[in-house]
2 protein chains.
Amino acid sequence: MAEKVRIAVDAMGGDFGPSVTIPGCALALERMPGSHFLLFGDETAIRAELANHPRLAERAEIRHSSVNIRMDDKPSQALRYGRRVSSMWMAIEAVKKGEADAAISAGNTGALMAMSKICLRTMARVDRPALACLWPTLRGQSIVLDVGASIGANASHLVDLAIMGSAMARIILGLERPTVGLLNVGTEEIKGVEEVKAAAAILRESDLPGLEYAGFVEGDGIGMGAVDVVVTEGFTGNITLKTAEGTAKQIAAYLKAAMSGSLFAKIGYLFARGAFAELKGKMDTRAVNGGVFLGLEGIVIKSHGGTDSVGFARAIEIGYEMAKNDLMNRIRDTIALAHQFESGAADPASPSQETAQ
Amino acid sequence: MAEKVRIAVDAMGGDFGPSVTIPGCALALERMPGSHFLLFGDETAIRAELANHPRLAERAEIRHSSVNIRMDDKPSQALRYGRRVSSMWMAIEAVKKGEADAAISAGNTGALMAMSKICLRTMARVDRPALACLWPTLRGQSIVLDVGASIGANASHLVDLAIMGSAMARIILGLERPTVGLLNVGTEEIKGVEEVKAAAAILRESDLPGLEYAGFVEGDGIGMGAVDVVVTEGFTGNITLKTAEGTAKQIAAYLKAAMSGSLFAKIGYLFARGAFAELKGKMDTRAVNGGVFLGLEGIVIKSHGGTDSVGFARAIEIGYEMAKNDLMNRIRDTIALAHQFESGAADPASPSQETAQ
C-alpha cells in the first residue's frame, strides 16, 4: 500500500454533522500527514467548515449529497431512501470503487452495517461480518467481537472472529502475537455451548500464525484485560457490551449522588476535582468510540454518534492504520490457513481429546 | 404453610464456615422470630459458635457431618466424595425429606447446583432449573435469571423463566404485578434469536396472571431498572452478570487510583470518606449476595462465599420469605396455565403478527 491513504468520510453522520466531522478530519490530517479525504455530504455546509481548515481543504475533495441518514431510522428505512444517494452510502461505495482505502461514519450503526454488507459484501470464505470494539481494561485496551453484527455463530465462524480480531489487534494495539480468549461461562461441568468448545479445539490444535489461543475467558475477565482479543457470538457480545456501558453509567450516577450528599462530600469533591475529571475520562464510553466492521471486502469504521472532533479523529486514525497495514490481506491469508485446517481435521466439531481449561 | 419456617443450613459452606454462618443464623432469628434451624456440619465447631448465641441454640438442632465441600472443586468431584454425607448434601436432603422448608449454603455454587438437581429434581413441567440473582439498579433491585444454571433455552423455557422470576419478584420485591423483559439486542433488523421472538409472542398473547410483559430489554437497561424481571438464557445471563461485576471492580480500581493520585485528591478523599463508604456499599457485588435456584422441587438459596453474617442472614431471609409465601405452588399454578396456552396456540414458535417493539 502506498504512503498515501485515502479516507472516505460521511461528513453528515453523527449527532453534530460537519461541525464535528470536518474538524475531526483536520485533526487526523495533522497526526497522519499521508492522508487524503473524500468528504461526502452537503457541499455548502462542508465548505463552510472547511474555510476554517485551509490545510485540510487542500487535501480534501467534496462529493455532494443532499440525503442524510437519520440517526434513529431502521436499516430497512435508511436503505429505502438512502441507497446510492446518501452521504453514508456514497462513502462506503468509494471504498468499493477503489477511490478510498477506508470509510468512516459517525451515523446510524444499523444502517451503516446494512449498507456496508450490501455494498461491499463479505470477504471470500467469511460467512458473516462482525462488529469489533476497543474495550478499555485495567491493562489498557482489548478488542471484543462480535458486538452485534451477526446473531449466532458456529465453530468455524468463531475461529474467523478470532483471526479477524487478532489481525486488528496486531495493527491497532501493536502486538506481535495477541492472546485470544473465547468468552464462556465458568461452571466447569456445563462449560459452554458446543460451538464454543469446538472452536476451542480448532484454535488449540491449528496453531494459527499471529495469535496465541489462551483458553476460555469469563465475563469479569474482559475488563481485567485477561486477553487481548475476546471472541463471542453477536447476541451475547452486544448484550455484554451494553451491560458494561450500563454498569458504568449506573456507577457514575451513584458517584454523582454520593458526592452531592453531605457538606463534607461536597468539599471533598472540590478538592478532588482533577481526579474526578480523570476518572470521568476513563468511564466515558465514548472513549471506546464506535467500532470496526470486519469480514467485509473493505474497511468501514463506525465512530460514536455523540463523539467530538478528537474522537472522530481517533476513528479516522484506526481506519488509516488498518488500511496502511493491509488488514484485508492479513485476514485473508490466515482465514485460508484455518479453513485448510478445518477441512483437513478428522472431525473438528467433536474432538475426542477435548480438554477444556 | 405454618408460621414456623424451618431452615436447613450448610454451616460449613463459604470462605469462613461456622464463624459467619452461625452469627448469620442468629441475626436471621432476630429478624424472623418464626424460624427454626437445622445446622449441618462439624458438631464441635458449630457448638462452639452456638455458645455465643443462646437464643439461637434454643431454636437450632445440630446434625453432624465431617465432610465439607471445598470451594474450588468441580461439581463432579464434590459429588464423588460429598454425596449423601457432606453438610451441603444433607442440608438439601432435609428439604427433600420435608424436614426443612428451605436450604441455605454459602458453599461452592457448581456443587450446590449439581447436588440440588440430583437430590431435589426439577419441578413437574419444568425442563431445566435456573439460577436467579438480585441485581442492584438505579430504581432499587431487579431479578435477573438464568445466570448460569442451564445453557440454552427454547421459547417455552424462557416463558418458564419469566414465570419463576416474577413469582420470586412478587414475594421478594413485594410487587403485585412485576414487569418482565426479555434480554435482547438492539438493532431492529436482526432483533434477537428465534427463541426470544417466540417467547415474546407467547408472553404477549397469553396474558399470564401475576406478571406484565414489557417487551425487550437491552443490556444497558438492566442497571437502569427498566423492568423488574430480566429473562435470558443461562450462557448469556452468566456472562452478563460477570461482566457487570467485572466493570464495577474495574471502576473501583480506577477510583482508588484517582483518589490516591495528587495531594488535592487525597485531601478530597478524606473529606468525602462517608460518601465513598456509601458508594462502596452500592458497588459491592456481595450486596447481591448469591442467588436462588428456581425450578426445583424445593427452595435452595446460594449465599455468596465471601459474605459476612449480615449477608448470610439476608440469604436466609430470602429463603424464609419464599417458603412462607409458598413460592412453589405459585410457580406451579402459572406454569400450568402457560403450558396450557402453549399447547393450545396454533403455532407459537412462528407467530404471524410478530410486532417486535
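Just so it is clear: chains get the letters A, B, ... in the order the sequence lines come, proteins before strands, and each one is counted from 1. No hydrogens, no waters, no symmetry mates; every other heavy atom, side chains included, goes into these values. Every value quoted in this text rests on a predicted model; they were computed, and no experiment measured them.
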For B/A226, side-chain contact (heavy atoms from CB on, under 4.5 Å) partners two or more places apart:
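Result, side-chain contact (heavy atoms from CB on, under 4.5 Å) vs B/A226: B/V217.
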Among all residues two or more places apart in sequence or in another chain, which pass the side-chain contact (heavy atoms from CB on, under 4.5 Å) test with A/N154?
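By the side-chain contact (heavy atoms from CB on, under 4.5 Å) rule, A/N154 matches A/S156, A/H157.
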I'd like to know which of A/I239, A/V196, A/T240 tops the heavy-atom pair count under 4.5 Å against chain B.
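If we count pairs closer than 4.5 Å to chain B, A/I239 comes out on top.
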First locate atom [atom1] of [X], then atom [atom2] of [Y], and finally report the distance between them rounded to the nearest 0.5 Å.
X	Y	atom1	atom2	result
A/I251	B/T247	CD1	OG1	7.5 Å
A/Y254	B/L138	OH	CG	5.5 Å
A/Q250	B/W135	CD	CH2	8.5 Å
B/E195	A/F235	CD	CZ	8.5 Å

Is any side-chain heavy atom of A/K249 closer than 4.5 Å to a side-chain heavy atom of B/D220?
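Answer yes - side chains close enough.
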Indicate whether any N or O donor in one side chain lies under 3.5 Å from an N or O acceptor in the other, for B/T243 and A/T243.
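Distance-only check fails for B/T243 and A/T243.
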Name the one of B/T236, B/N238, B/T232, B/V185 that satisfies side-chain contact (heavy atoms from CB on, under 4.5 Å) with A/T236?
B/T236
B/R121 CZ: over 12 foreign heavy atoms closer than 6.0 Å:
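Not more than 12 within 6.0 Å, no.
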Checking B/I222 against chain A: side chain, backbone, both or neither under 4.5 Å from a heavy atom?
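When you check distances to chain A, only side chain atoms of B/I222 fall under 4.5 Å.
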